[in-house]
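Some notes on the structure that comes next.
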Amino acid sequence: MRFKLFLLSTIVFAGSAAAQLPGVSIRVPSGFTVANVAKDFGRVRHIAINTNGDVYMKLEKLNQGKGIYRLRDTNKDGVMDDTLAFGNYIGTGIALKHGYLYASSNSEVFRYKLDAQQDILHPDQPETIVTGLVDKRQHASKSIALDNAGNIYVNIGAPSNACQEQDRKQGSMGMNPCPILETAGGIWQFRADRLNQTYKEGVRYATGLRNCVGLDWNNEVNELFITVHGRDMLHQFYPEIYNQKRGAELPSETMYMVKKGDDCGWPYVHWDHFQNKKILNPEYGGDGKKTGAEKALSPLVGFPGHMAPNALLFYTGNQFPEKYRNGAFIAFHGSWNRAPENQEGFYVVFIPMKDGKPTGKWEVFADGFSGVEKVTNLSAVKHRPCGLAQGPDGSIYVSDDNKGYVWKINYNQ
Amino acid sequence: MKKWMVLCLILVSAMGMMVSSQAGNTQMKTTMARGKLVYDRYCLTCHQADGGGVPRMNPPITNTEYVLGNKQRLIGIVLNGLNIPLEINGEEYENPMASHAFLKDGQIADVLTYIRNSFGNKASAVTVAEVKSARAKNK
């Protein structure tokens with residue numbers, strides 16, 4: 001019986017992997033075009049584009065034993081014709097800065113030196129920058145961003161939903177103070193050029209953050225911005241406070257600008273974009289109305305719940321129309337815990353910004369990644385936006401960690 | 001005469017079997033309906049309406065040994081939750097499942113019978129006695 005089942009599962013798996021997916025059509029505003037630059041690489045999380053147009057992809061599942069892929073268009077005909085695979089670890093974070101490629105596993109950060117030809121000097125011998133970070137599987141992605149002063153910022157997500165005594169158990173109360181915040185649930189700052197740093201050498205730059213998969217340095221105001229995944233299970237655990245609809249919309253997914261020492265309130269509160277308040281979580285005695293964490297920051301934007309903002313990119317190029325300059329693109333991975341309501345997200349949004357503040361409402365910029373009209377089951381979803389990067393020509397790139405696609409979006413007037 | 005008696009016996013026993021299998025069908029239908037209620041309330045969010053789960057996060061409960069195989073192990077997952085690295089059909093899933101020991105024996109039997117016979121799954125029912133004995137051994 002076991003053997004038969006194994007056979008069956010293998011056949012089904014191979015079948016779906018081998019089957020040619022009908023292409024999805026990505027919808028973008030008038031004047032923009034979308035081109036596919038990579039497909040079938042598997043779980044492609046974040047991406048980075050070098051000054052010469054090389055595309056770096058960080059994989060969360062090894063593909064042929066490798067966790068980083070570099071695609072290069074050697075003859076500049078618009079087609080990626082050269083592939084370099086290296087790195088024997090899975091992870092999410094990848095970034096380029098001052099002649100180095102930085103990449104993270106779920107517990108470490110590495111860097112690779114690039115030469116004048118933009119080739120990696122020792123693909124199999126990276127330097128370890130940071131080591132020993134918390135990895136308890138849940139919220140383990142170590143997204144990274146670099147500033148202009150030689151620092152690297154690392155998301156250390158909380159391995160928990162709401163810091164309950166028993167994680168995700170209905171009725172279990174929240175711990176106060178939450179011990180998780182000592183080593184996770186925040187952004188840590190390290191030096192970008194120092195080897196083998198641990199928590200001891202790092203600085204807890206911002207705390208009270210459940211999981212920031214999106215982070216980017218905003219060069220216009222020279223500050224760190226982040227997008228945060230809000231907590232799950234308000235309706236499932238507290239149906240008397242949050243009905244099915246309310247639980248699907250709340251809590252808000254959020255975007256903050258954080259400075260050294262900031263606290264954003266997790267696990268004690270969640271942001272409610274209907275009331276525009278920090279609402280006390282029920283695990284800490286909340287009733288849907290009581291506020292809390294008075295000293296915590298309020299977000300710059302509160303998005304509908306559970307859409308999973310997995311990447312943040314400030315647009316600094318000249319190719320797109322003026323309204324996009326210094327604005328933020330956010331890739332929403334798409335929700336899963338709005339069920340039995342339809343799922344939401346699976347698109348890239350744009351928020352116009354000036355001096356680090358939103359100047360208008362957010363709008364959907366690129367849509368259609370899921371490949372289905374309405375998402376009722378995640379198994380039906382074709383692609384999930386996960387990473388964003390800007391090319392040297394001012395185009396932007398979007399990655400997908402469901403099937404391993406990358407698209408390039410251009411503006412052609 | 002003997003032939004008639006044999007024929008009658010066959011007829012009677014066949015009718016009896018039909019009646020008892022009908023009774024079995026009705027009972028199975030009731031169990032499945034009760035199981036669906038438990039599933040929708042406590043399981044659907046993570047494992048989804050089609051049992052397909054969520055990539056990287058929550059495992060599918062279709063076409064897997066963990067659901068179709070050993071019932072004691074399956075009951076144990078409901079009672080104790082699960083938070084260890086686990087590869088299912090070549091993929092890993094990171095979200096922990098909390099203990100659902102607060103469910104009554106009957107609810108666990110219903111919901112497990114339901115998932116073992118939904119979403120394309122086909123396997124034997126889980127009985128209240130099996131849940132009771134697993135819970136006793138679990139303590």
Side-chain angles (χ1 to χ4, degrees), chain A residues 1-2 4-6 8-10 12-14 16-17 43 45 60-61 90 106 135-141 159-161 164 166-172 232-233 235-237 239 244 247-248 306 308 333-341 343 375-381 384 386 401-403, chain B residues 36-37 39-71 73 78-103 116 118-124:
Chain A
M1 188 65 181
R2 273 183 184 218
K4 261 191 193 163
L5 279 167
F6 173 74
L8 186 68
S9 66
T10 311
V12 169
F13 184 71
S16 69
R43 303 221 177 279
R45 298 284 284 175
E60 211 194 30
K61 187 179 180 190
I90 63 164
N106 288 337
D135 171 13
K136 292 184 179 169
R137 302 190 312 116
Q138 185 181 184
H139 304 152
S141 296
S160 169
N161 180 38
Q164 291 166 280
Q166 285 171 289
D167 188 28
R168 292 174 190 266
K169 185 167 185 186
Q170 187 158 11
S172 174
D232 305 330
M233 303 304 196
H235 164 64
Q236 288 82 359
F237 290 172
Q244 192 174 299
H306 313 299
H333 201 215
S335 69
W336 56 268
N337 59 13
R338 285 176 163 240
E341 301 280 317
Q343 304 299 341
V375 178
T376 46
N377 288 293
L378 266 287
S379 59
V381 170
R384 302 183 76 187
C386 188
D401 71 349
N402 212 35
K403 303 280 180 212
Chain B
K36 185 177 187 317
L37 287 178
Y39 183 81
D40 288 357
R41 173 76 181 86
Y42 298 105
C43 319
L44 182 146
T45 304
C46 296
H47 293 293
Q48 303 278 288
D50 66 350
V54 179
R56 298 175 43 253
M57 310 280 284
N58 312 316
I61 49 173
T62 58
N63 185 33
T64 156
E65 256 306 285
Y66 287 93
V67 170
L68 299 167
N70 186 305
K71 290 196 240 181
R73 179 174 68 183
V78 176
L79 292 175
N80 303 317
L82 193 66
N83 191 13
I84 49 164
L86 201 64
E87 200 172 280
I88 298 175
N89 297 345
E91 295 290 334
E92 282 196 37
Y93 299 88
E94 66 181 37
N95 265 3
M97 174 171 156
S99 153
H100 284 61
F102 61 87
L103 293 173
R116 280 163 64 91
S118 300
F119 325 121
N121 289 338
K122 190 124 194 69
S124 62

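Each chain gets a letter, A, B and so on, in the order the sequences are listed, and its residues count up from 1. Small disclaimer: the values here were computed from a predicted structure and weren't measured. Basis for what follows: all heavy atoms, side chains included, without hydrogens, waters or symmetry-related copies.
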Subject >> Part of B:Ile88 within contact of chain A (heavy atom distance under 4.5 Å) >> reply: neither
Original post:
Are A:Gln236 and A:Asn337 linked by a side-chain donor-acceptor pair shorter than 3.5 Å?
Top reply: no
Original post:
Is there side-chain contact between B:Glu94 and B:Met57, with heavy atoms separated by less than 4.5 Å?
Top reply: yes
**OP:** Output the distance between atom CG (A:Asn161) and atom CG (B:Asn95), rounded to the nearest 0.5 Å.
**Re:** 8.5 Å
**OP:** Below 4.5 Å from any heavy atom of chain B, which atoms of A:His333 appear? Answer side chain, backbone, both or neither.
**Re:** side chain
Original post:
Looking at side-chain heavy atoms only, is the closest gap between A:Glu341 and A:His306 below 4.5 Å?
Top reply: no
Subject >> Segment of B:Pro60 engaging chain A (4.5 angstrom heavy-atom cut-off) >> reply: neither
**OP:** Could you tell me whether A:Asp401 and A:Arg45 have a side-chain N and a carboxylate O separated by less than 4.0 Å?
**Re:** yes
Original post:
In terms of heavy-atom proximity below 4.5 Å to chain B, should A:Asn402 be classed as side chain, backbone, both, or neither?
Top reply: side chain
Original post:
Is the shortest heavy-atom distance from the side chain of B:Thr45 to the side chain of A:His235 under 4.5 Å?
Top reply: no
Original post:
Of the backbone (N, CA, C, O) and the side chain (C-beta and beyond), which part of B:Tyr42 lies under 4.5 Å from a heavy atom of chain A, both, or neither?
Top reply: side chain
Subject >> Residue part contacting chain B, namely of A:Pro239, when any heavy atom lies under 4.5 Å >> reply: side chain
Subject >> A:Lys61 and B:Glu92 ion-paired at < 4.0 Å >> reply: no
Original post:
Do the non-hydrogen side-chain atoms of B:Leu86 and B:Tyr66 ever get within less than 4.5 Å of each other?
Top reply: yes
Original post:
Considering only heavy atoms, which portion of B:Asn58 lies under 4.5 Å from any heavy atom of chain A: side chain, backbone, both, or neither?
Top reply: side chain
Subject >> Selection from B:Pro96, B:Gly51, B:Gly81, B:Ala49 maximising heavy-atom pairs under 4.5 Å formed with chain A >> reply: B:Pro96
**OP:** Report yes if some heavy atom in the side chain of B:Phe119 is under 4.5 Å from a heavy atom in the side chain of B:Val67; otherwise report no.
**Re:** no
**OP:** Heavy atoms only, distances under 4.5 angstrom: which of B:Pro85, B:Gly52, B:Cys46 has the most pairs with chain A? Name it, please.
**Re:** B:Pro85
**OP:** Could you have a look at A:Glu60, A:His139, A:Gln166 and say which one has the most heavy-atom pairs with chain B under 4.5 angstrom?
**Re:** A:Glu60
Subject >> Under 4.5 Å from any heavy atom of chain B - which part of A:Arg338 >> reply: neither
Subject >> Toward chain A, the part of B:Met97 with a non-hydrogen atom under 4.5 Å >> reply: neither
Original post:
Among A:Arg43, A:Lys169, A:Gln343, which residue forms the greatest number of heavy-atom pairs with chain B at distances under 4.5 Å?
Top reply: A:Arg43
Original post:
So which of B:Asp40, B:Asn83, B:Asp50, B:Val54 has the biggest tally of heavy-atom pairs under 4.5 Å with chain A?
Top reply: B:Asp50
